[in-house]
Amino acid sequence: MSLLLLAIVILGCMMLILFQTGCYPQSKPCYLFKDSPGIPLVMLLMEVSVWFLMISFIFIGAVTNIAFSDSEQVPVHAMFVFGDSLTDPGNNNDLITGAKTNYPPHGIDFPKGTTGRACNGATMADHLGYLLGLGLIPAFSKTSMEGSNFSRGVNFASEAAGILNDTGFAFGDRFPMDRQIANLREKIIPELQKHIGRDITIEGFLAKSLFYSNIGTNDYQISYLNQPSYEPILYPVSTAYGDHLIEVYIAQLKELYNLGARKFLISALAPFGCIPYNISIYGRKNNKCVDKFNKLAREFNSKLKTTVQQLNKNLAGAYFLYWDLYNGMMEILDHSSRYGFKNTNTACCGAGHLNSRILCLQNVPFVCANRSEYFFWDSFHPSDATNAIVAKEAYEGILQDIYPMNVKQLLQL
Ligand SMILES: *[C@@H]1O[C@H](CO)[C@@H](O)[C@H](O)[C@H]1NC(C)=O
Ligand SMILES: *[C@@H]1O[C@H](CO)[C@@H](O)[C@H](O)[C@H]1NC(C)=O
Ligand SMILES: *[C@@H]1O[C@H](CO)[C@@H](O)[C@H](O)[C@H]1NC(C)=O
Ligand SMILES: *[C@@H]1O[C@H](CO)[C@@H](O)[C@H](O)[C@H]1NC(C)=O
């Protein structure tokens with residue numbers, strides 16, 4: 001079809017050139033070879049080059065089948081998100097739990113207002129969705145609603161959730177990682193064909209989708225580092241605990257692979273020793289990141305990076321990317337002004353020392369004036385501005401940000 005169109009266009013162009021130069025239908029003298037006074041030949045050459053350029057553009061467009069306007073778009077069907085409060089779009093809103101953020105001032109800068117996101121604006125998953133051209137990925141809790149369409153993917157993330165089932169139990173209900181995967185397997189996959197149309201199989205659809213997982217912070221922050229969870233008693237040494245987490249996480253990622261996932265974006269743990277709440281308790285001397293907590297994140301991350309390399313070797317046809325969120329965030333924290341931040345250890349929303357002694361609660365009037373200057377939105381979560389920067393690093397960053405390639409390159413495979 002496009003070849004036929006191309007042929008017609010080329011023919012048309014040739015006719016036009018001939019008409020314009022007077023070589024056809026010979027009503028004017030033809031300057032192409034003999035008796036040329038000079039200038040018309042130059043004009044002819046210019047004209048020919050312009051036409052040549054136009055034809056080549058049309059030809060490239062026809063051959064590669066890419067529309068010029070969205071040459072930036074990558075070929076991806078959907079994104080499926082697994083995680084905790086860093087990516088939760090409001091899945092806990094209807095659960096019985098203390099871990100929810102569906103009240104103002106959360107969402108103060110978000111187009112849809114307060115949604116349950118623990119942020120002033122968009123999460124890392126939202127920004128990634130924008131970059132992929134998929135827009136906002138619907139929350140799992142909304143997908144059962146009439147008329148909802150999850151052909152762009154589903155976000156299963158849940159505040160207070162972890163890799164382990166028990167993580168966050170003290171807050172109440174939540175979707176641990178195993179439950180998030182079960183929700184995909186039991187609730188979404190059986191429904192998917194209706195949404196994606198008959199001309200593509202579910203396997204084909206999932207293989208061309210991005211599976212983004214960012215989980216594990218809470219297994220340290222609210223489980224390992226706190227009683228009454230029994231994890232520290234079972235695993236008194238942090239490396240043994242890390243090994244246990246990785247073992248469970250590998251089984252979970254393999255389960256996603258068995259369901260048909262092929263393209264994975266696996267986030268490292270963030271430097272959680274830098275959250276304002278903890279600096280205000282443990283880092284008061286210099287108001288700097290608490291390294292004994294960051295060390296736990298680094299320990300887990302180095303195991304995770306090795307795991308990603310192994311999974312790439314062992315699971316045929318799968319591509320796992322390791323997103324170095326830890327160093328990406330440390331780079332911003334260490335060179336904050338380069339990234340437009342004036343504040344890296346203080347919460348935008350909250351009050352007291354580092355705005356962290358009084359938390360960002362419902363209608364607390366303590367919100368900073370210029371939110372884009374703050375790395376942290378509240379005492380625990382990064383701001384929209386931070387999320388936008390790190391998501392871009394995952395999408396088109398260099399090897400230091402994302403290994404062994406970036407998301408954009410992954411999706412072109
Ligand atoms: C979590 O709980 C589910 C359901 O009870 C169970 O199938 C799964 O094996 C548990 N996962 C872990 C890591 O203990
Ligand atoms: C869902 O949206 C996609 C893309 O916008 C569309 O092709 C599909 O028909 C929709 N499915 C339903 C069930 O509405
Ligand atoms: C921060 O401090 C709280 C309160 O002591 C503690 O429970 C939590 O584990 C710490 N979290 C991190 C990430 O350091
Ligand atoms: C907020 O801060 C950003 C970055 O420093 C700056 O560009 C912007 O003008 C500020 N906005 C207001 C309203 O002060």
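Computed over heavy atoms, backbone and side chain alike; hydrogens, waters and symmetry mates excluded. Since we're looking at a predicted model, the values are computed, not measured. Start at 1 and go down the list; that is how both ligands and their atoms are numbered.
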is_close_aromatic(Y212, W323), centroid dist under 6.0 Å: yes
Atom indices of ligand 1 within 4.0 angstrom of V248 heavy atoms, with elements: 13 (C)
Worked check of ring pair (Phe, Tyr, Trp, His ring centres under 6.0 Å) between F80 and F211: CA-CA 5 Å; F80 295 91; F211 284 73; 5.1 Å; yes
Check: Y241 ring centre within less than 6.0 Å of Y220 ring centre: yes
Straight-line distance of I163 CD1 to F82 CZ, nearest 0.5 Å: 13.5 Å
Short side-chain to backbone donor-acceptor contact, E393 and D401, under 3.5 Å: no
For ligand 4, find each of its N or O atoms that sits under 3.5 Å from a protein N or O atom, and tabulate the pairs with distances to one decimal place.
| from | atom 1 | to | atom 2 | distance (Å) |
| --- | --- | --- | --- | --- |
| ligand 4 | 2 (O) | N370 | OD1 | 3.4 |
| ligand 4 | 2 (O) | N370 | ND2 | 2.3 |
| ligand 4 | 2 (O) | E373 | OE2 | 3.1 |
| ligand 4 | 5 (O) | E373 | OE2 | 3.2 |
| ligand 4 | 11 (N) | N370 | ND2 | 2.8 |
| ligand 4 | 14 (O) | N370 | ND2 | 3.2 |

Ligand-residue contact atoms, ligand 1 with D178, heavy atoms, under 4.0 Å: 1 (C), 8 (C), 10 (C), 11 (N), 12 (C), 13 (C)
Residue portion contacting ligand 2 (non-hydrogen atoms closer than 4.0 Å) for K194: backbone
Check ion pair R298-D291 (N to O, under 4.0 angstrom): yes
Those atoms of ligand 2 less than 4.0 Å from some heavy atom in H195: 1 (C), 8 (C), 10 (C), 11 (N)
Proximity of F293 and Y282 rings by center, below 6.0 Å: yes
Polar contact flag for Q252 and ligand 1 (N/O pairs, less than 3.5 Å): no
Plane angle bin for F205 and H77 - parallel if under 30°, tilted between 30 and 60°, otherwise perpendicular: parallel
Distance-only N or O hit between ligand 2 and S151, under 3.5 Å: yes
Contact check, side chains of V367 and W377, non-hydrogen atoms, under 4.5 Å: yes
